[in-house]
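Below is one structure, written out as structure tokens; comments come after it.
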Amino acid sequence: SLATGIDCMKNGFLVIPFKLSPNVYHYTFVKKHQTKLDSESNGLFVVNLPLLTNVDILKKVLSQICSKFDTIAHVEKLLYNDEFGLDEIDLSSLTSDLLKDTNNTNESRFTPRNTSVLKFVDESSLNNCFNALRKYSQLTSSSSKKNKNVDDELIQWEFENPSIATFINFYKPIDIEYLKNDVYEHLKIFEQRELEEE
Amino acid sequence: TANKVKNGPTSGSTASQDIHIARETAELFQSNIFKLQIDELLEQVKLKESHVLKVEKFLHKLYDMIQQVPEWEEKTITEVESFFKGKIVAVPFVDPKPTPASTHYKFNYKKPDVSLIGSFALKTGIYQPKGSSIDVLLTMPETLFEKKDFLNFRALHKRSVYLAYLTHHLSIALKNEKLDGYLSVEYTYFNDDPLLPILKISCDKAPTSQANEEYNFYKTKFSINLIIGFPHKMFDAKKLLPNKNCIRVVQDENTKELPATPLYNFAVLSSTTYEVYLKYLYKTKKQTVSFKEATNLGRLWLQQRGFSSSSGHSKMTGGFGTFEFVTLMAALLNGGGINGNKILLHGFSSYQLFKGVIKYLATMDLCTDGYLQFYSEPEEDSTTRVSKYIEEGFQIPTLFDMSTKVNILTKMSIASYQALKLYAKHTLAMLNNVVQDQFANIFLTNISRVDNLKFDLCYDLHLPLGNSTHTDSLLASAFGPLERIKFITIENFLVNKLLNVVKIALGERITLAEVELVDSKSSFPINKRKVHSTSGENHFNFDYIKLKLLVNPEESEKLVTKGPAHSEEASPEATFFKNFWGPKSSLRRFKDGSITHCCIWTTSSSEPIISNVLDFVLKKHISEKLIIQNPITKQFQDILPLPNLPASTNTSVLNLNSYFNLKKSFDNLYKIMFKMNLPLSIKSILPVGSAFRYTSLCQPVPFAYSNPDFFQELILEFESSQRWPDEITSLEKAKTAFLLKMQEQLQAENGNQYKSFFTRDESIPYNLEIVTLNILTPEGYGFRIRVLTERDEVLYLRAISNARNEIKPELEKTFLKFTAKYLASIRHTRTIENISHSYHFYSPVVRLFKKWLDTHLLFGHLPEELVELIAMKPFVDCSPYNIPGSVENGFLKILKFISQWNWKEDPLILDLVKPEDKLEDSLETSIGGSDLDSKTMKKLSEKLTLAQYKGIQTNFNNLRNSDPNGIHLQFFVASKNDPSGLLYSSDIPLAIATRLTALAKVATNLLHTHGINEQTIGLLFTPGLKDYDFVVHLKTPVPLKTSSGILGSSEFRNIANDQAPTAFPSDLAALSEKMDPTFQLMKYLNMKYKNSLIFSSHRYIGVCGGNKGNKNVITGLIKPLFKKSHKFKVNLDCNMKPIDKENVILNKEAIFQEISAFGHELVVDFETN
């Protein structure tokens, strides 16, 4: 059943519940992202997104929440959302002496597993969304006082269902023309870079 | 030696000398370790002094009671019968019972001479958990005998009456003394010999607080044997020699000589010599420093192998117990060599004495070509006579005492001698193993506890009497008077006959046959004359017979039993062959043109040929009514997935043709590839797929591309080049560029036959750019090529050094994965392929083990190589057992090993070499040995040396120093290929490792408590889904069994054959339609939730996925850490819900929703436990 009365964790994370099915809820935790990096400015630090979340789903869900509280926010992109840990380690930069010089690997960005940064187009979008989320998070505590049905207020989360085709596609041959092109392009860039280095 | 070096020895001899010295040092080291282990062991098995005092108290009382038995007067048989009429006690006459008509001698009782004999007297006994016996000798006075009493059972009958009379009075005395409340008496056959009835006194009630309990020795677990002996030198020993006849029976043909009666002669003669041997052994003990310790080592060694002094004529592990061991040891202390040279010295340590006796047993033939003679008594001239090995065999096991004329080994049959010799050879090899500690294998493991571990095949033979009341009519050959005097009992006769038939019929197919008479009794109440044997379904003194075989895998599945060559005039051998095999015998012309008598058998996937042969010959030669049962071999073999190949039901489990066909297909491809014109030429293409080493769960079947092992991996290396990109993504792209070139050429030149395509490869974490070239051959097989360059290793290592500290461990794992996949896999495949040709049952055994692992959802978590190494353990390190010779034997030994493997403390160190060509090769020791020849040198260099072994142990110790409880790495499995021991086991979740151990324990306990039968084997292969936190049931839209190349259940076999694919689809994208979607689902679930949950599923849906191969399950285990609440942190990495403002807990319900959503088209049911 729904965890009521917890709208915000002690360390400042808003608790954002989503309906999955009767009496089953998912909880995402959000906080304004503190950063000096330009690339991550106007961001929301998000913990525990539901399975197979992408930026389009988030845009849809957040606009629903914003509209609930008569506001608007423009999402730019979702950063570091690496649900399956595929990009946790960048072998390429770790093995390349070339890349190391230009882009210090020790400084390379990462966020912990199961977290990401949602970047908005500007500060007002971020603020609008954050305020809406705060109000949304308080629904569970405030509405229970009014004895209203909280369930009706909460957003229903729709998962993206992969089909069987998605799974067996992993076994499918790579298109040869695509592969040739990819290899050719990559090696061309690599050689250029090497030449520049010399 | 310095001089020698100066003179310039060849480098070869220096090396050989080095090894020589190294071996000696190692042996000395070994014997020191042994000494410590021996001391500790002997301390543990010491008899308790209080127990000895307790039982001695009763022994004194017993002595008094015996003294009070009144003497008797001479009685005729009729008077004896009337004396015992109406009394409780019966006379334990041996068969045939004396009749008044033919019994003209008298019976009597006069006071015996009483003395202690045996180990209690020698003070060499040890504590036995089941108790031990004290032998008290009562020697009948000379006056009761005549010189001729050794004939025709006379002395034995006199003894039976003497024993009955004593028993009668003792039981009265026990009652009078009020000892009968806790003491009981019964007749028993001494050493299971029905010619030697004795009286056994045991204490079977613990003391109560009541009075008169001072003689209660219940707690000591002793029992007392009253053995009735004859006076020493009473009879003419020469007339009782093993080759003499002492039972005269009436014969039809007077011309024929009566057969020798060695068993009878021994029973009479040995009854006169008990005290002689006590003195002999006592004297030896006084002279020999470590006599007692060595005796107990021998005792333990024999016990763990089931050997005892009991008759070996109906029990294969009989005829050689502690007494025989010690007597042999005593003889060897007084000589034993061909020239009478001493084999053992009185100053030897217990280890040296034990090893000396074992070596003598292992290397000297005491049956066919020679025997050992010794003197138990000093001769008249009072000089000790030396023991001598005589090169002349009697064709029976012989350790002959020249003083008493007793053959100490009379109780051994040839079969039991062969068994003993085999164990001695094994033990000598273990004693000579200076690298691994074999102490536990020699003394602590009871190898005779579980037949299915000790033997390869076990059969139950039932002889139901049916309507007939006469046992003779049941048997194919008669047990007549001549057989009776030779074998004494019908059981001895039957066992002998059975073994002869089995040996002739199976010949080279087996290395050892043992027979056990199940439920055979040797004790009976004092109101009975003999053991009553009408309890079972026959009239024998057993319920049924167990036939147990050690298989010779090299010969066991041969289709032809070859007989003698055909000749115009039938040779005696040919006649014998034809008679023995009857309708099975036929004449055949062989390829070399010879015409030979032979029998032809057919192989089967379900049963070994041995089963067929036995069924035929035992019915023909033992009894038509015989019922032969061995359900377990068939059941185990039938669990192996049967390939959808022609005649697969008639294909032996040892047949590797399906693998050879795949290899041929590879050879063809290999030739094509080497001819290719590429910018860099190919240096090597090395197979690393499991089918190349015969270990793939499913046998390779053409076009069966649903099988996860269908694409067999190859590692391709080009000639070396400096031009490989110095960055990993670009390196992989460059490799792909080469593969693209190859594919282009293959397409252009062989496109009509070979098809090919590219896929991404995920075997190395974080390296997302690996592309493999998959080739489909015209023969229907698939190969997957990955490229290895000299740059790879450098780059992975560079990544580790460049990485920030937190991710270094991950990168180290990645490096291990790379090493395992690209480098070690080559050595692993080559090694396993190479040695498995010598371990014939390895392939079916490892495949069955893989099936068991996949049934229990563990296989997906364990690298194949690790599984294969663990399965190799019973083969390369088989001590104290033999190399497995059946599927069930190998499999059960794997389970036993895992169940007992304390991986926290013990590494698994494997010496991946072929078995010694001949056991004898390993027998010579370096001490005083001759020069090591080149063959031995080579063998020594292939095997792990002591230094290498110690090095691996150090690696293990270092690992455990940092991870003492094995939280991070459980299975340390090392070999020469991987001294680090962690290549294949660094990434196994703790829960999976402990589950493997737990499942093996459950399995072995189940088999131990309920036996190995249809039900328990069934349970062994049933997954325990209740043990998981939740279970997701999946169903794939396309069944994958037939397309995995597996033959369905029998009724649909022909249909399955029809549906099997016979070609690849023309559109290669269509291949994916018959591949397993559940594997991908499972893979991504594990990636997503790896921090908090462990998912498991069947890897081989065609094998474990139901009748059609369309079912799977995904089970989930919540890691213990996530079963409780946590303080909310951003790096908690799990799907969580808040329980208050500070704490969160795993949001199980949401996860279940996610899984259902993820697997939405596959999930059919969801269970939570």
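Everything numeric in this text was worked out from a predicted model, so none of it was measured. Chain identifiers are assigned alphabetically (A, B, ...) following the order of the sequence lines, protein sequences preceding nucleic acid strands; residue numbering begins at 1 within each chain.
- The part of B:Leu740 that comes within reach of chain A is its side chain, from C-beta onward, which places non-hydrogen atoms under 4.5 angstrom from that chain.
- The contact between A:Asp87 and chain B is made entirely by side chain atoms (from C-beta outward), counting heavy-atom distances below 4.5 Å.
- Heavy atoms closer than 4.5 Å to chain A are found nowhere in B:Leu1132, neither backbone nor side chain.
- Contacts between A:Leu49 and chain B at a heavy-atom distance below 4.5 Å involve the backbone alone (N, CA, C, O).
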Hey, mind stepping through B:Val1144 and A:Met9 against side-chain contact (heavy atoms from CB on, under 4.5 Å) and telling me if it holds?
CA-CA 10 Å; B:Val1144 291; A:Met9 300 306 283; 4.0 Å; yes
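- Contact of A:Asn48 with chain B is made through the side chain alone, with heavy-atom distances under 4.5 Å.
- If you measure heavy-atom distances from A:Pro112 to chain B, the contacts under 4.5 Å come from the side chain alone.
- By number of non-hydrogen pairs under 4.5 angstrom with chain A, the leading residue of B:Asn1086, B:Asn1131, B:Asp1140 is B:Asp1140.
- Contact of A:Phe84 with chain B is made through backbone and side chain together, with heavy-atom distances under 4.5 Å.
- Put simply, the side chain of B:Lys1141 never gets that close to the backbone of A:Ile6: no donor and acceptor are under 3.5 Å apart.
- Contact of the B:Thr759 side chain with the A:Tyr171 side chain is not registered, since no non-hydrogen atoms from C-beta on lie closer than 4.5 Å.
- Residue contact with chain B, scored on non-hydrogen atoms closer than 4.5 Å, involves the backbone and the side chain of A:Leu91 alike.
- When ring centroids are compared, B:Tyr1084 and A:Phe170 come within the 6.0 Å threshold.
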Derivation of the side-chain contact (heavy atoms from CB on, under 4.5 Å) call for A:Leu51 and B:Lys1088:
CA-CA 9 Å; A:Leu51 177 90; B:Lys1088 165 129 181 121; 3.5 Å; yes
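- For B:Asn1143, the part lying under 4.5 angstrom from a heavy atom of chain A is the backbone only.
- Using a 4.5 Å cut-off between heavy atoms, B:Glu806 touches chain A through its side chain atoms alone.
- Both the backbone and the side chain of A:Ser163 come within less than 4.5 Å of a heavy atom in chain B.
- Between A:Asp182 and B:Lys733 a salt bridge is recorded (basic side-chain N to carboxylate O distance below 4.0 Å).
- Using a 4.5 Å cut-off between heavy atoms, A:Leu187 contacts chain B through its side chain alone, with no backbone atom that close.
- Using a 4.5 Å cut-off between heavy atoms, A:His186 touches chain B through its side chain atoms alone.
- Using a 4.5 Å cut-off between heavy atoms, A:Tyr184 does not touch chain B at all.
- Of the two parts of B:Asp1133, the backbone and the side chain both hold a non-hydrogen atom closer than 4.5 Å to a non-hydrogen atom of chain A.
- No part of A:Phe18 comes within reach of chain B, as not one of its non-hydrogen atoms sits under 4.5 angstrom from that chain.
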